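One structure coming up, written as structure tokens, with questions to follow.
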Amino acid sequence: MLSVVNLVKKYGDLVAVSNVSFDLDKGEAAALLGPNGAGKSTLIKCILGLLDYAGEIKVDGENIKLNPKETRSRISYVPQEPALYDITVSDTLGFFARLRKVDPEKTEQVLRRVGLSEHRNKLTSELSGGLKQRLSFAIALLSEVRLLILDEPTSNLDRESRNEILFLIGELREKGYTILFSSHRVDEVMQVADKVIFMNDGKIVAVDNIDGRGRESETADVRMVLEFEEGLVDIASAVLRKEGFYNLKKEKNSLVLGINRHEKIIPIQKLLGEEIIIKDFYVEQADLS
């Protein structure tokens, strides 16, 4: 569904995204995970065709640069901050339906899908942050597309609203939508993502397929190796020990962890949150007894 190959985005001498490559299959939900400034939003803007870039991006096999109108018509986008006119929810959807030449009857279907039917006559200024984000999802779902791009969809929301949006994302995933969303919260990722793409300093530092939801066992069943620049191993070790990872071993510029396979995204998230750059990362089956 989505293929990114050797993507590079520069602002003068500043490299915002560096040689990023990944694939997203149909019906798969992938999270771009990393701290602020990691390059997540810049990558999303490149995929949306809002920024020029070097490299290749394809949607359903179509190159965005070679066929921009066709490929963009296959993507719906939900921004971090909804930009809405101060009219009713119903009129907002009606406006976008006319703009996109969508059957007006579909607005009612979309309102039900995102749980906004009872709010249809409210002004957008009367909506909570969570309901405004639901309206952004409704606008995105008006088009008959199956690729959703979400930029920090739960940013600035309270816990209840975050959970509602995550539930909605999970529902869309179950209905077969392909979803790429950015986040800096590991708890969100574990709830709805099939794949996690870890970014830091404009680069992908690891890609991990989540084969289980949450922690199923406290038993260490894999060997995880994290490689760092010289001088960062002791700092990284201190951070992980503070977070409760005690099964650590230092090897030159690397840390080796005995860890449960369903927890392997957590130490990376903790290190990225402390802005500790990971040069490389891999996990292997090992006898840790």
Side-chain angles (χ1 to χ4, degrees), residues 1-34 36-85 92-93 95-102 110 133 135-155 169 172-173 176-184 193 195-199 201-204 207:
M1 173 61 84
L2 175 65
S3 176
V4 178
V5 181
N6 296 328
L7 181 69
V8 176
K9 174 58 187 175
K10 295 182 179 180
Y11 296 99
D13 293 332
L14 174 65
V15 182
V17 177
S18 178
N19 292 316
V20 164
S21 298
F22 67 90
D23 292 309
L24 184 57
D25 295 331
K26 289 184 179 179
E28 189 174 39
L32 296 171
L33 184 63
N36 292 333
K40 305 187 299 294
S41 291
T42 299
L43 172 58
I44 284 175
K45 289 176 182 176
C46 290
I47 294 171
L48 294 172
L50 300 177
L51 295 175
D52 193 19
Y53 58 86
E56 184 178 77
I57 302 174
K58 290 184 177 181
V59 177
D60 268 346
E62 292 283 349
N63 190 305
I64 287 181
K65 284 189 175 182
L66 298 180
N67 200 349
K69 186 176 180 180
E70 175 64 24
T71 51
R72 288 173 192 170
S73 70
R74 301 180 185 185
I75 303 173
S76 277
Y77 171 58
V78 176
Q80 182 176 342
E81 296 289 342
L84 303 169
Y85 296 107
T92 299
L93 273 189
F95 169 76
F96 282 99
R98 290 190 298 274
L99 194 65
R100 299 176 185 180
K101 299 180 180 179
V102 174
V110 172
Q133 196 64 298
L135 183 52
S136 289
F137 272 85
I139 294 168
L141 295 175
L142 281 172
S143 303
E144 292 293 337
V145 300
R146 286 288 165 175
L147 175 58
L148 297 178
I149 307 291
L150 319 175
D151 190 2
E152 296 277 2
T154 64
S155 179
I169 294 172
L172 294 172
R173 172 182 168 273
Y177 282 86
T178 304
I179 302 171
L180 178 68
F181 70 100
S182 61
S183 178
H184 59 273
K195 176 188 292 182
V196 184
I197 301 166
F198 300 93
M199 292 191 68
D201 197 27
K203 302 175 182 178
I204 290 180
V207 177

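In this text the structure is predicted, and so the values were computed from the model without any measurement.
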Check your understanding: What residues form a salt bridge (Lys or Arg N to Asp or Glu O under 4.0 Å) with Lys195, not counting sequence neighbours?
Key ->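 Lys195 satisfies salt bridge (Lys or Arg N to Asp or Glu O under 4.0 Å) with Glu28 once adjacent residues are dropped.
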Check your understanding: Which heavy atom of Ser76 sits nearest a heavy atom of Ser143, and at what distance?
Key -> OG-CB, 4.1 Å
Exercise for review: Please say whether the positively charged group of Lys65, taken as NZ for Lys or CZ for Arg, lies over the ring of Tyr53, i.e. under 6.0 angstrom from the six-membered ring centre and within 45 degrees of the axis.
Suggested key: yes
Review point. What residues, two or more places apart in sequence or in another chain, satisfy side chain to side chain contact (heavy atoms under 4.5 Å, CB included) together with Thr178?
Key: Met1, Leu24, Lys26, Leu147
**Study point:** Donor-acceptor contact present, side-chain Lys40 to main-chain Gly34, <3.5 Å
**Key:**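 Side chain of Lys40 to backbone of Gly34, a donor-acceptor pair under 3.5 Å: yes, one is there.
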Review point. Where the side chain of Ser182 meets the backbone of Glu152, is there a donor-acceptor pair that is under 3.5 Å apart?
Key: yes
Point to revise | Pairwise salt bridge (charged side-chain N to carboxylate O under 4.0 Å, His left out) hits with a residue in residues 1-23, at least two apart | key: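 Listed once each, the pairs would be none.
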Point to revise | Sequence-distant partners of Arg72, salt bridge (Lys or Arg N to Asp or Glu O under 4.0 Å), two or more places apart | key: none
**Study point:** Closest approach of Leu141 to Val110 (non-hydrogen atoms, all atoms of both residues)
**Key:**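 Smallest interatomic distance, heavy atoms only, reads O-CG2, 4.1 Å.
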Point to revise | salt bridge (Lys or Arg N to Asp or Glu O under 4.0 Å) against Glu81, all qualifying residues, sequence neighbours excluded | key: none
Review point. Quick one: side chain to side chain contact (heavy atoms under 4.5 Å, CB included) partners of Ser41, sequence neighbours excluded?
Key: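 Per chain and number, Ser41 pairs via side chain to side chain contact (heavy atoms under 4.5 Å, CB included) with Asp151.
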Check your understanding: CD1/Ile139 to CG/Leu93 distance, rounded to the nearest 0.5 angstrom?
Key ->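 The CG atom of Leu93 is 6.0 Å from CD1 of Ile139, to the nearest 0.5 Å.
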